[in-house]
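To start, the structure itself, in structure tokens.
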Amino acid sequence: MSDSRTAHTTPLEAKSPFELRVNLGADVPETTVRSALATGDMGFLHSFTTGATVDGPGVRVVAWTAGCMWRCLYCHNPDTWTMTNGMLVPVALALEELRKYKHGLQVMAGGFTLSGGEPLMQHRFAAKVLSGAKALGIHTALDTNGYFGDKLSDGELESIDLVLLDIKSWDPSRHRRLTGMDIEPTLTFARRLAARHRPMWLRYVLVPGLTDRFDDIAKIAQFAAKLSNVERVDVLPFHQMGKFKWNQLGIPYTLEHTDPPGQDLVERALDVFRRAGLKAV
Ligand code: SF4
């Protein structure tokens, strides 16, 4: 396990977001943290990864932010809940890293995705990195639970080519049990994105016994179908790749014995979205 003593030797680039990273920013003074959050000139990142093909169109470079106020029972990166588990990275350095891949990303019709954690926990940093990437001529995507969507101005939304919006459940009480938070701000953000004609992909994590109620999925599908901006729906099968993180961090994990969904269940969920007129993959 990493600790603060390794912060300066840990490379920003990781092989995958499933690398466990903790305490990389634990030594950052409180005043620096406050200033980073207020100005967005620096942000806490878990890592950069390259070659992703599931976080937006084409091949993507993904920056994984640290910090999330939700507590999803199926979260596969609980080390990103704590902001100071990440390393403090200046915007300029993040953009320098991105510049290295600019040509390749353009050739492969890919781009840059800011994910997490929840990127909008650091909304000033998120806005600066995304507008900087856009200014480099790179396609930009934001993967978010949408809770802090109102922190972004209309102008800032324009620098985001695509929002990957995670909707976890439709029923408010089930949503609260699943994530610890209310669903409404996410839906409000989705409506705002639609009103502003900002392209959106909806993401839905399918967990047997937890998010596989078809009446719930149908309501999300009906909601999404009424929005004018949902280009596609990704049904993401639950997996256990993050289980070791829960165990290593000593956080009680309730899905220890939950299996990934079978193909049949995935197809049925996809079908619910498709029957509402949406493209679902
Ligand atoms: S919103 Fe994402 S990062 Fe946050 S707890 Fe849920 S799955 Fe994990």
Side-chain angles (χ1 to χ4, degrees), residues 14 16-22 24-25 43-49 52 54-56 60 62-86 113-123 125-126 141-152 163-190 200-208 210-212 216 220 234-256 258 260-261:
S16 91
F18 297 107
E19 274 185 22
L20 179 70
R21 293 187 163 192
V22 295
L24 300 183
F44 287 92
L45 290 183
H46 173 278
S47 57
F48 257 75
T49 57
V54 292
D55 299 298
R60 319 288 299 179
V62 183
W64 305 89
T65 58
C68 185
M69 64 295 188
W70 290 27
R71 293 293 176 264
C72 301
L73 298 178
Y74 56 63
C75 183
H76 52 232
N77 284 316
D79 53 337
T80 65
W81 291 352
T82 305
M83 206 175 283
T84 51
N85 274 349
T113 301
L114 190 65
S115 185
E118 170 45 53
L120 297 184
M121 281 281 281
Q122 306 178 71
H123 51 89
F125 176 73
L142 169 69
D143 179 18
T144 177
N145 62 36
Y147 194 83
F148 285 137
D150 62 348
K151 304 282 186 194
L152 295 177
V163 173
L164 310 173
L165 187 70
D166 303 287
I167 297 187
K168 318 277 186 180
S169 175
W170 182 261
D171 179 83
S173 53
R174 263 198 295 278
H175 189 277
R176 217 169 294 117
R177 277 199 301 279
L178 177 64
T179 69
M181 303 296 280
D182 289 336
I183 176 69
E184 198 49 43
T186 301
L187 304 182
T188 301
F189 187 49
M200 185 177 123
W201 288 8
L202 190 155
R203 307 183 109 195
Y204 186 77
V205 180
L206 185 65
V207 191
L210 197 62
T211 65
D212 59 352
D216 212 51
I220 295 174
D234 286 339
V235 172
L236 306 171
F238 165 74
H239 57 70
Q240 289 284 14
M241 286 169 73
K243 179 162 106 174
F244 80 98
K245 290 191 174 185
W246 289 75
N247 294 336
Q248 295 234 8
L249 294 167
I251 309 171
Y253 183 54
T254 56
L255 303 184
E256 191 83 32
T258 301

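All of these numbers come straight from a predicted model, not from anything done at the bench. Just follow the structure's listing: the first ligand is 1, and inside any ligand the first atom is 1.
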Please determine whether salt bridge (charged side-chain N to carboxylate O under 4.0 Å, His left out) holds for the pair D79 and K245, giving the CA-CA distance in whole Å, both sets of side-chain angles, and the decisive distance to 0.1 Å. CA-CA 7 Å; D79 53 337; K245 290 191 174 185; 2.8 Å; yes

Evaluate salt bridge (charged side-chain N to carboxylate O under 4.0 Å, His left out) for R203 paired with D55, printing each intermediate quantity in order. CA-CA 10 Å; R203 307 183 109 195; D55 299 298; 3.2 Å; yes

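Screening D143, D166, T65, T49 for a side-chain hydrogen bond (donor to acceptor under 3.5 Å, both in side chains) with S115, the sole residue that qualifies is D143.
Using modelled atom types, no side-chain atom of H76 and backbone atom of P17 make a donor-acceptor pair closer than 3.5 Å.
The set of protein atoms (N, O or S) found at less than 2.8 Å from atom 4 (Fe) of ligand 1 reads C68 SG, by chain and number.
Between T144 and E118, the side chains place a donor N or O and an acceptor N or O closer than 3.5 Å (distance only, hydrogens not considered). Under the 3.5 Å distance criterion, with hydrogens and angles disregarded, no donor-acceptor pair is assigned to the side chains of H46 and N85.
At least one heavy atom of K168 lies less than 4.0 angstrom from ligand 1.
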